[in-house]
Amino acid sequence: MNLLKQTLFTAALCFILQYFFPWWTMTLGAFAAGWYFGNKPGVSFLAGLLGVGLLWLATATVIDAESQATLTEKVAQLFPTKTKPLLFLLTAVIGGLPGAFAALTGAYLKGSKE
């Protein structure tokens with residue numbers, strides 16, 4: 001249950017931060033969520049990965065739908081797989097990893113003071 005709470009909180013906070021500030025501020029949101037919830041490090045890592053990864057996946061899907069997929073198809077041609085779903089998966093992983101490590105750092109800092 002803590003994983004779900006932290007994941008949703010991370011996604012919401014990162015969405016707000018990325019709406020007003022540059023993309024890298026999502027690491028601040030994931031760090032804050034990891035510190036606030038203070039879960040075990042593995043749970044925080046997974047929550048940061050899922051929260052930010054799903055947020056970036058949803059954002060990529062919305063942008064793809066709004067642009068009638070012209071840019072997405074051209075970028076997908078640059079990769080060996082040439083498929084849009086794998087491009088979206090790659091986008092989610094690339095976005096999720098900084099969020100995961102930021103949440104992990106927050107969990108470790110919270111745990112080191114107790």
Side-chain angles (χ1 to χ4, degrees):
M1 191 59 151
N2 287 334
L3 174 68
L4 181 62
K5 288 180 189 177
Q6 186 176 347
T7 302
L8 294 175
F9 183 79
T10 301
L13 185 60
C14 291
F15 176 76
I16 293 168
L17 286 172
Q18 288 183 5
Y19 188 77
F20 294 107
F21 301 109
W23 70 270
W24 52 266
T25 56
M26 59 92 180
T27 58
L28 301 175
F31 173 84
W35 184 84
Y36 178 74
F37 283 93
N39 290 325
K40 292 180 180 178
V43 173
S44 287
F45 182 86
L46 188 59
L49 181 71
L50 290 175
V52 177
L54 291 175
L55 174 65
W56 277 37
L57 179 66
T59 303
T61 304
V62 168
I63 290 171
D64 180 58
E66 288 177 352
S67 69
Q68 286 86 29
T70 54
L71 181 62
T72 308
E73 289 173 359
K74 289 179 182 180
V75 173
Q77 293 297 319
L78 297 173
F79 292 97
T81 59
K82 298 183 179 14
T83 61
K84 286 183 0 182
L86 286 176
L87 180 65
F88 287 153
L89 180 66
L90 182 65
T91 301
V93 169
I94 288 173
L97 282 175
F101 285 114
L104 179 68
T105 303
Y108 273 134
L109 284 179
K110 175 91 176 219
S112 67
K113 294 182 181 181
E114 293 177 351

Peer 1: Within a reach of under 6.0 Å around OH of Tyr36, are more than 12 heavy atoms found that belong to other residues, nucleotides or ligands?
Peer 2: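 Not more than 12 within 6.0 Å, no.
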Peer 1: Does a side-chain heavy-atom distance below 4.5 Å link Ser44 with Leu104?
Peer 2: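 The answer is no, as the side chains (C-beta and beyond) never meet within the 4.5 Å cut-off.
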Peer 1: Tell me if a side-chain donor or acceptor on Thr25 pairs with a main-chain N or O of Pro22 at a distance below 3.5 Å.
Peer 2: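 Answer holds: yes.
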Peer 1: Which value, rounded to the nearest 0.5 Å, describes the distance between Leu90 atom CG and Leu57 atom CG?
Peer 2: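 The distance works out to 11.5 Å.
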Peer 1: Determine the minimum heavy-atom distance between Ala60 and Thr91, stating which atoms define it.
Peer 2: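 Smallest heavy-atom distance, with atoms named: CB-CG2, 4.3 Å.
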Peer 1: Atom CZ of residue position Phe15 - does it have more than 12 heavy atoms of other residues, nucleotides or ligands inside 6.0 Å?
Peer 2: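 Counting other residues, nucleotides and ligands, CZ of Phe15 stays at 12 neighbours or fewer.
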Peer 1: Which distance, rounded to the nearest 0.5 Å, do you find between the CG of Asn39 and the CG of Asn2?
Peer 2: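 Rounded to the nearest 0.5 Å, the CG-CG separation comes to 4.5 Å.
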Peer 1: How about Leu3 and Leu46: do any of their side-chain heavy atoms sit closer than 4.5 Å?
Peer 2: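 Contact flag for Leu3/Leu46 side chains = yes.
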Peer 1: Are Leu54 and Leu86 in one and the same hydrophobic cluster, where Ile, Leu, Val, Met, Phe, Trp and Tyr link if side-chain heavy atoms are under 4.5 Å apart?
Peer 2: no
Peer 1: What distance do Glu73 atom CD and Leu87 atom CG have between them, rounded to the nearest 0.5 Å?
Peer 2: 11.0 Å
Peer 1: Is Phe88 close to Asp64 at the side-chain level, that is, under 4.5 Å between some pair of heavy atoms?
Peer 2: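 Touching, per the 4.5 Å side-chain cut-off.
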Peer 1: Are any of the side-chain heavy atoms of Leu55 and Met26 separated by less than 4.5 Å?
Peer 2: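 Counting from C-beta outward, Leu55 and Met26 never come under 4.5 Å.
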Peer 1: Looking at every non-hydrogen atom in both residues, tell me the closest pair between Trp56 and Gly95 and how far apart they are.
Peer 2: CE3-CA, 3.3 Å
Peer 1: Taking atom CD of Gln6 and atom CG of Leu13, what is their separation to the nearest 0.5 Å?
Peer 2: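 If I round to the nearest 0.5 Å, the distance is 11.0 Å.
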Peer 1: Between Ala30 and Cys14, which heavy-atom pair has the shortest distance, and what is it?
Peer 2: N-SG, 3.8 Å
